[in-house]
Structures are given as structure tokens and as C-alpha cells.
Amino acid sequence: MKKILVTGGCGYIGSHTIVDLIQHGFEVISADDNSRSKPNILDGVEKITGVKVKNYTVDLCIFDDTHAIFVENPDIDGIIHFAAYKSVGESVEKPLMYFENNMNSLINILRCAAEFKTAHFVFSSSCTVYGNPSESPVTENTPIQQAESPYGYTKQMGEQIVQQTVNSNGIQSILLRYFNPVGAHPSIQIGEIPLGRPANLVPAITQTAIGKLPQMNVYGNDYPTKDGSCVRDYIHVSDIAHAHTLALNYLIAGKNTGNCEIFNLGTGKGYTVLEVIRTFEKISSHPLNYTISARRPGDITAIFANNEKAKSLLGWQPKYNIEDMMQTAWNWERKLQSEEIIFKTQDPSLN
Ligand code: WQD
């Protein structure tokens with residue numbers, strides 16, 4: 001059984017990927033300092049898979065602590081590197097925090113991968129690297145544009161660091177460019193746990209619908225799109241997760257043609273913000289309280305993926321449609337609320 005190190009394994013995409021890896025025969029360990037995640041998300045992974053995954057609560061910016069994981073696990077056959085800060089807005093306010101965290105953790109992981117001759121490396125990248133493309137769908141050859149935020153720069157620089165490093169030490173690697181990951185595992189044992197007020201669209205929708213937020217904003221309806229709101233390629237997090245398993249199998253089978261291949265992970269279909277809201281209202285029978293507000297700085301008009309390369313080379317086929325994405329996100333939000341209610345009733349001090 002091949003052992004895979006998943007950094008950021010307690011995070012949203014990381015935890016869903018661990019489930020998929022286990023279900024496809026991999027042994028998995030996690031490294032996550034839980035600064036932006038909750039360790040009990042791995043309890044949900046255990047409920048789904050029956051496997052208790054060990055998490056190393058390590059700040060990957062500390063080389064010695066990162067190195068110690070590899071000393072204890074010299075048989076790590078592959079690494080999937082998710083661990084990074086990912087809020088576009090926060091990165092604009094605190095650029096140095098983003099550069100320091102996202103780059104130092106990546107460099108330490110790659111140093112260890114080189115020293116321990118880890119064979120396979122998958123890097124969590126983002127459609128953010130395309131900036132504001134002049135047209136969609138975008139392919140993996142669409143020119144990289146000026147990043148719209150320090151977060152976007154960390155993904156662009158991260159890709160370059162991986163590409164340059166693996167060319168020098170022969171690690172076989174893949175860059176996966178996610179479009180907009182949304183939804184929750186169908187079992188609703190795991191899902192997205194935004195910290196504070198959600199920046200992303202779908203948790204903002206579900207938190208407004210359940211009453212955590214009084215109202216949500218639609219950031220602009222004056223874009224040159226069918227209804228004036230921005231277009232994105234929303235992709236279910238479980239489809240994203242399975243692509244990582246397929247990417248590892250592709251590398252293990254030696255099918256990659258270069259040291260570092262790139263794949264877009266999107267459905268290939270774009271939806272406007274208002275279409276997503278309509279879809280949510282339809283599946284939940286819940287009219288949403290939103291208001292049209294000013295555009296959000298840094299937002300691009302439209303982007304969606306050409307995903308033919310991942311489909312043909314990885315054998316990847318997204319399973320979930322936009323209704324499934326909204327339904328699982330809504331089911332998860334209601335689960336979170338019920339659990340919070342249970343915690344409150346169990347702990348009188350919280351009442
Ligand atoms: C989507 C649309 C907003 C919130 C994200 C991640 C980025 C990358 C791509 C993986 C935009 C609008 C949002 C709200 C709104 N993913 N919106 N009201 O900006 O496309 O980028 O996915 O790496 O890391 O940040 O996603 O969900 O923030 O916004 O109208 O309350 O929804 O204006 O048009 P974005 P998002």
C-alpha cells in the first residue's frame with residue numbers, strides 16, 4: 001500500500017482528498033498545523049472510511065519539524081501539497097504573511113521530498129493564475145496573466161518553484177488548477193468550515209439561508225455577462241478530490257510525459273452568481289435574502305475551464321452537477337447548525 005503525505009489534510013479539499021485516496025487503496029498521513037482548520041474533521045474522515053488518519057500538527061514553515069515527519073515516515077511515496085493560506089481579500093491586506101507562509105512551507109516540503117527521494121508530487125494550484133482571461137474556456141496553455149492578488153502570486157510562484165525544482169531532481173509532479181471548489185461530501189460527515197464571515201459565494205449563500213448572516217451581497221450586476229453578474233466554473237469538492245487520486249495513479253504508472261504536467265479541474269461550464277443563487281433557491285425552496293452591491297475589487301468578469309486534458313489523460317469525469325453542489329452544501333450547513341445546537345445544549349455555559 002503506497003503511503004501519501006497530504007499537507008493541509010484537515011482542510012476543505014485536503015480532507016475530501018484523503019477520503020478518496022483511502023477509498024482507492026492508499027495509506028495516508030496528514031500534516032496540518034490547524035491554524036486554519038479543525039483537527040476533528042479527521043473524525044469525519046474516519047466515519048466515512050473507517051480509517052483513523054494520523055495528523056502531524058506541524059508548522060511546515062519550520063524546516064526541522066517538517067523534516068521530522070519524513071524521518072518518521074521514510075516510505076512516503078507521494079505528497080499532495082494543499083497547505084497554504086487562501087483568502088484573496090486577506091492576502092491583499094497582509095501580503096508578506098501570505099508570501100512567507102505559502103512559499104516557505106512549499107520550499108520546506110520540496111527540500112524534504114528531494115532529500116528523501118519522494119517519487120511523486122501533486123501541487124494544489126488555482127485558476128487564479130489565469131488572471132482575467134480575455135476569453136473562456138481556458139486551456140492549460142492559456143497565457144498566465146498578471147495575478148490579481150498576492151494569493152494569486154503565491155500560486156503562480158508556487159508553480160514555478162515546483163517546475164524548476166522537479167526538473168533538477170527528477171520528482172514526477174503534477175500541478176492541478178482548481179476552478180471554484182464547492183459543496184460537501186454526500187455523507188455530510190465532512191465539508192467546508194469557513195473561519196469567520198465567508199468570503200466565498202456558496203458558504204455565503206448557505207449561511208444567509210440558515211440565518212447565520214442577515215443578508216448577502218451580490219458584488220455587482222453590471223458586468224458584460226448574460227445577467228450582469230460574474231461567471232465562474234463551480235466544481236464539486238469530491239470531483240476535485242478524485243482528480244488527485246487519478247493524478248497520483250497517473251504518475252505512479254509513469255504515464256506523465258514531462259517532469260511536471262498541468263491540468264485544469266473544472267466542469268467546463270460557467271454559471272453566473274445569480275444563476276447559482278436561483279439554483280440554490282430551487283433545491284432548498286428557500287428564497288435568499290440578497291442585495292446587489294458594488295463590485296468587489298480583484299474580481300474578474302468570467303472564467304471557466306477547458307477540462308479535456310484531465311478527462312482524456314487522467315480519465316477524470318466530474319460526476320456532480322450544480323444542483324448536487326448546492327444540495328450538498330445546504331445539507332452540510334444544516335448539519336453544522338444541528339451540531340452547534342447539540343454542543344450548546346450539552347454545555348450550559350454556551351446557552
Ligand atoms: C465567486 C463569485 C464574487 C461572495 C475562489 C477562491 C480562489 C480560487 C477560485 C481555489 C465572484 C461573487 C462572492 C459573496 C458574491 N479557488 N460573490 N457575494 O473569487 O472566484 O475565487 O475560487 O484556489 O482561491 O478565492 O470565488 O466564491 O469568492 O466568488 O457576489 O458574498 O461570487 O464577486 O463573482 P473567486 P468567490
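From a predicted model like this one, the values you see are computed outputs, not experimental measurements. Read the numbers this way: they start at 1 and go in the same order the structure lists the ligands and their atoms.
- Summary of contacts: the protein heavy atom closest to atom 6 (C) of ligand 1 is Asn200 ND2, 3.9 Å.
- By the 3.5 Å distance cut-off applied to N or O atoms, Thr128 is not counted among the residues near ligand 1.
- Closest to atom 2 (C) of ligand 1 by heavy atom, among Tyr219, Tyr234, Tyr290, is Tyr234.
- In terms of polar-atom proximity, defined here as any N/O pair under 3.5 Å, Asn217 does make such a contact with ligand 1.
- One finds the CD1 atom of Ile171 at 6.0 Å from the CG atom of Leu110 (value rounded to the nearest 0.5 Å).
- Below 3.5 Å of separation, one finds no N or O of Val273 facing any N or O of ligand 1.
- Where the criterion is an N or O separation shorter than 3.5 Å, residue side chain and backbone included, Tyr178 fails it with respect to ligand 1.
- Near Val218, meaning under 4.0 Å from one of its heavy atoms, ligand 1 places the atoms 30 (O).
- Here atom 4 (C) of ligand 1 lies nearest to Ala199 when heavy atoms of Ala204, Ala199, Cys230, Gly152 are compared.
- Nearest to atom 29 (O) of ligand 1 by heavy atom, out of Arg232, Glu148, Arg296, is Arg296.
- Nearest protein heavy-atom contact of atom 16 (N) of ligand 1 is Phe179 O, 3.5 Å.
- Using a 30° and 60° split on the angle between ring planes, His81 and Phe123 fall in the parallel class, below 30°.
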